2 protein chains.
Amino acid sequence: MRIASQANHLAPISGILAGDNVQNTPSASAERSLRTFSAKEHVFFEGDDRDSIYEVVDGVVCVYKVTSDGRRQVISFCYPGSLLGFGHADRYLYSAEVLSPATLRPYSAGALEKIVAERPDLAHSLMSFVMAELAAARDQLLTLGRKSASEKIASFLLELSRQNEEMSKDPETLQLPMTRSDIADYLGLTIETVSRNFTKLKTSGIIDLHQNTTVVICDMDRLEETASCDEERF
Amino acid sequence: MRIASQANHLAPISGILAGDNVQNTPSASAERSLRTFSAKEHVFFEGDDRDSIYEVVDGVVCVYKVTSDGRRQVISFCYPGSLLGFGHADRYLYSAEVLSPATLRPYSAGALEKIVAERPDLAHSLMSFVMAELAAARDQLLTLGRKSASEKIASFLLELSRQNEEMSKDPETLQLPMTRSDIADYLGLTIETVSRNFTKLKTSGIIDLHQNTTVVICDMDRLEETASCDEERF
DNA sequence: CGGCCAGTTGAGTGTGGTCAATCGTTGTGG
DNA sequence: CCACAACGATTGACCACACTCAACTGGCCG
């Protein structure tokens, strides 16, 4: 539901930002303002001047923080419809790296503030979006703080499955655009532990793996058991 | 800075909510609408109908989630000025328990939406507040996912210290209204590990402990070294 | 005084990390 | 076309950090 619930609110937001009132270059068409990125390219780095907000149009973006000694924590994976780089600080608080060739639509850094100030009818959608991001981050706190490695992996796969559901894609066939290292840094594990737990799920017949980038969920019930924590939504 | 940065934006919000336009009972004075809670009392539980939003006037509130098998993750500790229970869902996503006798000011669940819709001039402060909460949650992701037990404890103490600074209190004398169990559940540890690391910090002369509820930071530099992760803000 | 609860401390264990070797795929150049 | 390098992923052996279980301490209140 986490990322899924974001998707619920993203469609209207894209529309909001595309409105000429808040467009970065009012005279230019939305088509013209698209920016393309190649795999592993960074959109921005933590600490850079926050001059733009981005909407993910195509591809997947990995948002993360790093410590001074190089440890990395992935904050979220952003799929088409997501917003990137918003905040109330004048610097980016995170780094953003595209995982596969991606297309983003940049807006001025103040576009969201403008909406809030000038379009109260649309500000509500924006607030819902930010609150959904907050709820997702807080769900992830529970996963990082209190789940075992196998529970983390299962929860991650279920998250992707629900996201597929929201996008009307097959919830049992998951594409993994991110590496084992990205998954490890998202779940607070090492790549070895991620790999071992994928293997465990595979040998127990719960999932099937194809060329490391495709996961097929064979037994959804047992996957949910493995994730353990009831993620029932109210 | 996390919680501290929230405080930056909270003062105006209290004012916003206190405005008669959004007051729960427009004819009643703000004084009359205060609710008092005794220690360990719950303000609401995860899953309850989200009928009210609360502003913390006095005391400290612990916000947390639990798994079906009883594991608990503390999301945040809310000090005076914080808002509790906002969100876009119709149920509370977390439980809220007061740690010591507290005074809260309830508002209608729709008060924030009303502000966003009717008071665009004030909606900006509200947005900044929610974004600060989001930034705090994401900072905590790094702590939970990538820090060792001793780093977590040191980071936690520094967080309290910076919060004191923001409230013009002594940044080297910390009151701990929460139990070891609350701290453990906030940092993804056990009470034993929390206790051991407090002892370690004490015996190495970095902090001093008085009756388990007061921490005096004796060597701020070494405490920051122990926290390791540069938490420099931009 | 005695019970209760939070906190501390100790001993032993286990989950997940570290280090290292190997596999498989992809892409490049001879 | 094959050889080789480069990279991501897997697997194994070992280890350590934090958890578990348990005993004990200290403060508070009846």
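The shown structure was predicted, so the numbers you read here are calculated from the model rather than taken from an experiment. What you see below is based on every heavy atom in this structure, not just the backbone, and it leaves out hydrogens, waters and symmetry mates. Order of the sequence lines fixes the chain letters, A, B, ..., with proteins taken first and strands second; residue numbering starts at 1 for each chain.
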B:V60: partners by side chain to side chain contact (heavy atoms under 4.5 Å, CB included), with sequence neighbours left out: B:F77, B:Y79, B:L99, B:P177

Separation of A:Q211 atom CD from D:dA9 atom P, in whole Å? 12 Å

Give a yes/no on whether any side-chain N or O of A:K202 is located under 4.0 angstrom from OP1 or OP2 of D:dA9. no

Nearest-Å distance for atom pair NE2/P, residues B:H210 and D:dG26: 18 Å

Are any of A:N212's side-chain N or O atoms less than 4.0 Å away from OP1 or OP2 of D:dT10? yes

Between D:dA9 (P) and A:D185 (CG): distance, integer Å: 12 Å

Could you walk me through whether A:E133 and A:R138 pass salt bridge (Lys or Arg N to Asp or Glu O under 4.0 Å), step by step? CA-CA 9 Å; A:E133 291 272 300; A:R138 288 175 164 180; over 6 Å; no

Taken to the nearest whole Å, CG/A:D182 to P/D:dC7 is 16 Å

Does B:R91 pair with B:D48 as a salt bridge, N-O distance under 4.0 Å? no

Whole-Å gap separating P (D:dG8) and CZ (A:R180): 12 Å

Take the protein atom CG of A:L201 and the nucleotide atom P of D:dT10, then report the distance between them rounded to whole Å. 12 Å

Distance check needed: D:dC7 P versus A:K40 NZ, whole Å only. 8 Å

Look at A:R71 together with A:D185 and state whether they make a salt bridge at an N to O cut-off of under 4.0 Å. no

Please encode protein proximity along nucleotides 9-20 of chain C as a string of B, S and -, counting only heavy-atom distances under 4.0 Å. BBB----SSBBB

Are B:R180 and B:F198 in a cation-pi contact, defined as NZ or CZ under 6.0 Å from the six-membered ring centre and within 45° of the axis? yes

Kindly write out the residues that satisfy side chain to side chain contact (heavy atoms under 4.5 Å, CB included) with A:T103, not counting sequence neighbours, or none if the list is empty. A:L34, A:T36, A:V57, A:D58

